[in-house]
Amino acid sequence: MTPDQKHTLSVLVPVYNEEQAVRPFLERLVPILAELGCHYEILFIDDGSQDATCAIIRLMREQNPCIKLIKLSRNFGKERALSAGLDYCTGDAVIPIDVDLQDPPELIGEFISKWREGYAVVYGVRRNRDSDSFLKRITASLFYRLFNTLSDIQMPRNAGDFRLIDRRVVEVLKTFPERNRFMKGLFTWVGFRQVGVPYTRPPRLHGKTSWNYWRLWNFALDGITGFTTLPLRLCGYFGLLVAALAFIYSFLLIIRTLMLGIDVPGYASLMVVVLFLGGVQMFTFGIFGEYLGRLYMEAKQRPVYLVEETSGFDSAVEVE
Ligand code: UDP
Ligand code: MG
């Protein structure tokens, strides 16, 4: 690929109640894309916004036909919105980006030069997490450590969805039938040549994040259960360990009873054993439940997302 060849760039922007953010985002992004000199499309995926986000995007589309809109029928979550974007985009390189300007569009140029060097995935890596709260930093760091220890893939730490993905990888991702779409994990799972580009992540420009701790916790569970079954196996090993300890303890009790006779007091030790085993059983059932629930949701084979309306696409896109 020579640098002067004309490529099409697809910028995927999931938006959920972002009426304040769309305009400043485009004001900063469009000149950067124009300067890069390639063809581009900006695909907004409206993830069921209840405010004027859609109306503003339609208005902006009148001024710039490269802006396109996919309106989902309700809020499906950012991961599924991104999946819709991947299904509809046509570019040779695809860039998912947040609308709140936390992912600096200035980095796109650097992404493209790495892509031209032959990398299939070029991801932004946050230099620091200064724009995050203390708790978020700690929990994020714990999550990455746990994820990378448990799963077979090594997800780069502090890399979000902001990245450039080559068409080859997009085509692979489109064939994934799963409903649990932990995109960061999937982007890593596919392999190919990948490289990180460091950047400083500024705070959100307008509005506030829609990711509270409960949502992040569920997101983390999706990530871990989606990429490893090791917790299930650990339950088995733990059960084996407890059974071995129980065996040793029973043996000691039998010897003691034979030698010293029946000893009635023992309420405390009995309670400790009963409660401990009850707790371990419920905990392991909880882990089973996490997997079973996800299996059930996958087995239903419901669509990943539903599109209510599109504008800017010539023909309907076949989506499974
Ligand atoms: N977003 C979305 N659907 C949702 C939540 C968020 O499409 O259910 C979009 C949101 O509009 C933004 C991006 O995902 O463009 C990142 O969201 P946010 O800034 O709230 O996340 P954070 O930066 O805090 O991780
Ligand atoms: Mg944000």
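In what follows, every heavy atom counts, from backbone to side chain, and hydrogens, waters and symmetry copies are set aside. Atoms within a ligand are numbered from 1 in the order they appear, just like the ligands themselves.
Counting heavy atoms under 4.0 Å from ligand 1, residue E18 touches it through the side chain alone. Here N17 has no heavy atoms under 4.0 Å from ligand 1, in either its backbone or its side chain.
For the Mg ion (ligand 2), the neighbouring protein N/O/S atoms at less than 2.8 Å, given as residue and atom, are D100 OD2, Q102 OE1.
Residues E290 and T225 have side chains that never bring a donor and an acceptor to within less than 3.5 angstrom of each other. Side-chain contact check for D87 and Y305: at least one donor-acceptor pair (N or O, by modelled atom type) lies under 3.5 Å.
A salt bridge between E106 and R28 is present, with a side-chain N of the basic residue lying under 4.0 Å from a carboxylate O of the acidic one. The pair D103-R201 meets the salt-bridge criterion, since a charged nitrogen lies less than 4.0 angstrom from a carboxylate oxygen. No salt bridge links D222 with R181; every basic N to acidic carboxylate O contact stays at or beyond 4.0 Å. Salt-bridge formation is not detected for the pair R167/D92: no Lys NZ or Arg NE/NH1/NH2 atom is positioned less than 4.0 Å from an Asp or Glu carboxylate oxygen. Using a 4.0 Å cut-off between a side-chain N of Lys or Arg and a carboxylate O of Asp or Glu, D98 and R204 do not qualify as a salt bridge. Electrostatic pairing of E171 and R168 does not count as a salt bridge here, judged by no charged N lying under 4.0 Å from a carboxylate O.
Contact analysis puts R215 in contact with ligand 1, with a non-hydrogen atom separation below 4.0 angstrom. Proximity of R80 to ligand 1 is not established, as no heavy-atom distance is less than 4.0 Å.
The distance from the CZ atom of F134 to the CZ atom of R137 is 7.5 Å, given to the nearest 0.5 Å. Here the CG-CZ distance, from L232 to F288, works out to 6.5 Å after rounding to the nearest 0.5 Å.
Nearest protein neighbour of atom 1 (N) of ligand 1, counting heavy atoms only, is Y16 CB, 3.9 Å. Of all protein heavy atoms, the one closest to atom 9 (C) of ligand 1 is P14 O, 3.5 Å. For atom 16 (C) of ligand 1, the nearest protein heavy atom (residue, atom name, distance) is D98 OD2, 3.3 Å. When only non-hydrogen protein atoms are considered, atom 14 (O) of ligand 1 lies nearest to K78 CD, 3.3 Å. Nearest protein heavy-atom neighbour of atom 22 (P) of ligand 1: T209 OG1, 3.8 Å. For atom 25 (O) of ligand 1, the closest non-hydrogen atom on the protein side is W211 CD1, 4.0 Å. Protein heavy atom at the shortest distance from atom 23 (O) of ligand 1 is Q102 OE1, 2.8 Å. Atom 6 (C) of ligand 1 has as its closest protein heavy atom S210 OG, 3.4 Å.
Taking a cut-off of under 4.0 Å to the non-hydrogen atoms of V99, the atoms of ligand 1 that pass are 15 (O). Heavy-atom proximity to D100, at under 4.0 Å, picks out these atoms of ligand 1: 19 (O), 23 (O). Atoms of ligand 1 found under 4.0 Å from any heavy atom of D47, numbered from 1 in the order shown, are 2 (C), 3 (N), 4 (C), 7 (O), 8 (O). Near R204, meaning under 4.0 Å from one of its heavy atoms, ligand 1 places the atoms 18 (P), 19 (O), 20 (O). Near G77, the atoms of ligand 1 lying under 4.0 angstrom from a non-hydrogen atom of the residue are 3 (N), 8 (O). Ligand-side atoms of ligand 1 in range of V15: 7 (O), 11 (O), range being under 4.0 angstrom from any heavy atom. The ligand atoms of ligand 1 that sit less than 4.0 angstrom from a heavy atom of R201 are 23 (O).
With sequence neighbours left out, Y237 forms a side chain to side chain donor-acceptor pair (under 3.5 Å) with no residue at all.
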Go through R58 and L69 one step at a time and tell me if the side chain to side chain contact (heavy atoms under 4.5 Å, CB included) criterion holds.
CA-CA 8 Å; R58 283 197 203 96; L69 171 69; 4.1 Å; yes
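The cationic atom of R215 (NZ for Lys, CZ for Arg) does not lie both less than 6.0 Å from the six-membered ring centre of F219 and within 45° of the ring axis. For K68 and F44, the positive end is not near the middle of the six-membered ring at less than 6.0 Å and at most 45° from its axis.
Aromatic ring pairs are classed by plane angle as parallel below 30°, tilted from 30° to 60° and perpendicular above 60°; the pair F162 and Y199 is perpendicular.
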